[in-house]
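Any value given below was found using the heavy atoms of this structure, including those in side chains, with hydrogens, waters and symmetry copies removed. The chains referred to below are lettered A, B, ... by the order of the sequence lines, with proteins before strands, and numbering in each begins at 1.
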There are 2 protein chains.
Amino acid sequence: MSCEGETVALLRSGGHRLTPQRQRVASALQHAGGHRTVEELHALIAHEQGAPMPLSTVYRALTTLKELRAVSEIDAGGRSAFAWVDRSRPHHHLVCRGCGTERDLDPALLQRLGDAIRAATGFEAFLDHFAITGQCESCRQGAARA
Amino acid sequence: MSCEGETVALLRSGGHRLTPQRQRVASALQHAGGHRTVEELHALIAHEQGAPMPLSTVYRALTTLKELRAVSEIDAGGRSAFAWVDRSRPHHHLVCRGCGTERDLDPALLQRLGDAIRAATGFEAFLDHFAITGQCESCRQGAARA
DNA sequence: CGTACAATTGCGAATATTCGCGGAGGGAAC
DNA sequence: GTTCCCTCCGCGAATATTCGCAATTGTACG
């Protein structure tokens, strides 16, 4: 993965400092892929990079990266999970409250929402990575019957 | 506020039990209005209802009420806040990451998103009360200049 | 109205997340 | 390359949130 360069540029962009800790957290999340909890990242960092890092530093690095929109936080059923954001390929989740299944949502729909918000209010919504809860079709039918 | 009847019906609906604790938490949130933290609700319950209640019970009642879509949870800058949901009058927030200001968003825009999701996937999105982060117009212009 | 059963509460302990502080180190200016 | 300032890190403590378990209590049923 061509991460180093991207990350460096990103971190520098917001007036934030480029520190090894942030690079390590970013690298861990990029290589792990998908949604990862803080605990998972903490373990990955310790195992795969040789040296451990205090948990609080992982939290702080993630907070900073989140401000830069380099990572997104998603509330995955109680514990929060983080994912590296690929802004060129946004993706979103539909999470069913009934059965817990999760499917992806066409990003175009959310982009349309973003455009509408911008047109109506001048506000630019950050819609890189969203989780929308609701009820899937089969659960809805099951609930209607009961 | 005509709360008692509504709340009773809501609580019974999901196969959940109607307990005094849940009624008290619901009542506190309804009468307080707006977004409230757990700590605020805990204090309100103790003061205005005479008897205190363990914090963990407040958390659990809120979790249950959230499942029933009677309350919504919003991440208000680190600590989470809860609000009573009036499903007949959904409202949403645009929160600027730059200056922190917050404004309401026309619910029709989100309703359109919900309709689109339903048409495309059969999934019914719960869009009663949403917070969307982004950048307001003035902060955007300020950022562009820098 | 009494009984039985399962959901719920209260309590305290476990876990998750944030914070404050003093020292260390990034990076802009010379 | 050196200096200085200011942000950031590591650490431990403070907070916030969840969990386990025994006792309680809604609710369905007879």
Exercise. Can you tell which of D:dT27, D:dC9, D:dT18 lies closest to the side chain of B:S56?
Worked result: D:dT18

Exercise. Counting only side-chain N and O atoms of A:R17, is one of them less than 4.0 Å from OP1 or OP2 of D:dC9?
Worked result: no

Exercise. Just how far, in rounded Å, is C1' of C:dC19 from CG of A:L62?
Worked result: 17 Å

Exercise. Reckon B:Q21 has a side-chain N or O less than 4.0 Å from the OP1 or OP2 of C:dG10?
Worked result: yes

For this session: Report the residue (B:L18 or A:G15) whose heavy-atom-nearest nucleotide on DNA chain D is the more 5′ of the two.
Result: A:G15

Exercise. For B:L55 and D:dC19, what is the distance between atoms CG and P respectively, to the nearest whole Å?
Worked result: 15 Å

Exercise. How many Å lie between CZ on A:F82 and C1' on C:dT17, as a whole number?
Worked result: 10 Å

Exercise. Taking only N and O in the side chain of A:T57, is any of them less than 4.0 Å away from OP1 or OP2 of D:dG10?
Worked result: yes

For this session: For A:R87, look at atom CZ and say whether over 12 heavy atoms of other residues, nucleotides or ligands are found less than 6.0 Å away.
Result: yes

Exercise. Are B:H92 and B:H129 close enough that their ring centres sit under 6.0 Å apart?
Worked result: no

Exercise. With a cut-off of under 6.0 Å to the ring centre and 45° to the axis, is B:R69 in cation-pi contact with B:F126?
Worked result: yes

Exercise. When we call it a touch if two heavy atoms are under 4.0 Å apart, what does A:R60 touch: a base, just sugar-phosphate, or nothing?
Worked result: base

Exercise. Using a cut-off of less than 4.0 Å, is there contact between a side-chain N or O of A:R12 and OP1 or OP2 of C:dG26?
Worked result: no

Problem set entry | Inter-end axis angle, the helix from C:dC1-D:dG30 to C:dC30-D:dG1, with every axis fitted to five base pairs (rounded, 10 degrees) | 50°

Problem set entry | Atom-to-atom span, CG of B:L11 to C1' of C:dA7 - whole angstrom | 13 Å

For this session: Hey, could you give me the OG1/CZ distance between B:T133 and A:F123, rounded to the nearest 0.5 Å?
Result: 7.0 Å

For this session: Rounded off to whole Å, could you give me the CD-to-C1' distance for the B:Q23 and C:dT8 pair?
Result: 14 Å

Exercise. Closer than 4.0 Å, any side-chain N/O of B:Y59 to the OP1 or OP2 of D:dT18?
Worked result: no

Exercise. For the pair made of NE2 in A:H42 and C1' in D:dC9, what is the distance, rounded to whole Å?
Worked result: 14 Å

For this session: Would you please confirm or rule out a distance under 4.0 Å between OP1 or OP2 of C:dA16 and any side-chain N or O of A:S80?
Result: no

Seminar exercise, completed: Here the distance between atom P of C:dA7 and atom CZ of B:R22, to the nearest Å, is 11 Å

Exercise. Among B:Q49, B:M53, B:H42, which one satisfies side chain to side chain contact (heavy atoms under 4.5 Å, CB included) with B:V25?
Worked result: B:M53

Exercise. Any chance CD of A:Q111 has more than 12 other-residue heavy atoms, nucleotides or ligands included, within less than 6.0 Å?
Worked result: no

Exercise. Looking only at side-chain N and O atoms, does A:T63 come under 4.0 Å of OP1 or OP2 in C:dT18?
Worked result: no

Exercise. Charged N to carboxylate O below 4.0 Å: is that the case for A:D86 and A:R89?
Worked result: yes

Exercise. Can you list the steps and then say if A:Q21 with A:T57 is a side-chain hydrogen bond (donor to acceptor under 3.5 Å, both in side chains)?
Worked result: CA-CA 8 Å; A:Q21 287 84 350; A:T57 298; over 6 Å; no

Problem set entry | Nearest-angstrom distance from the residue atom CE of A:M53 to P of D:dC8 | 15 Å

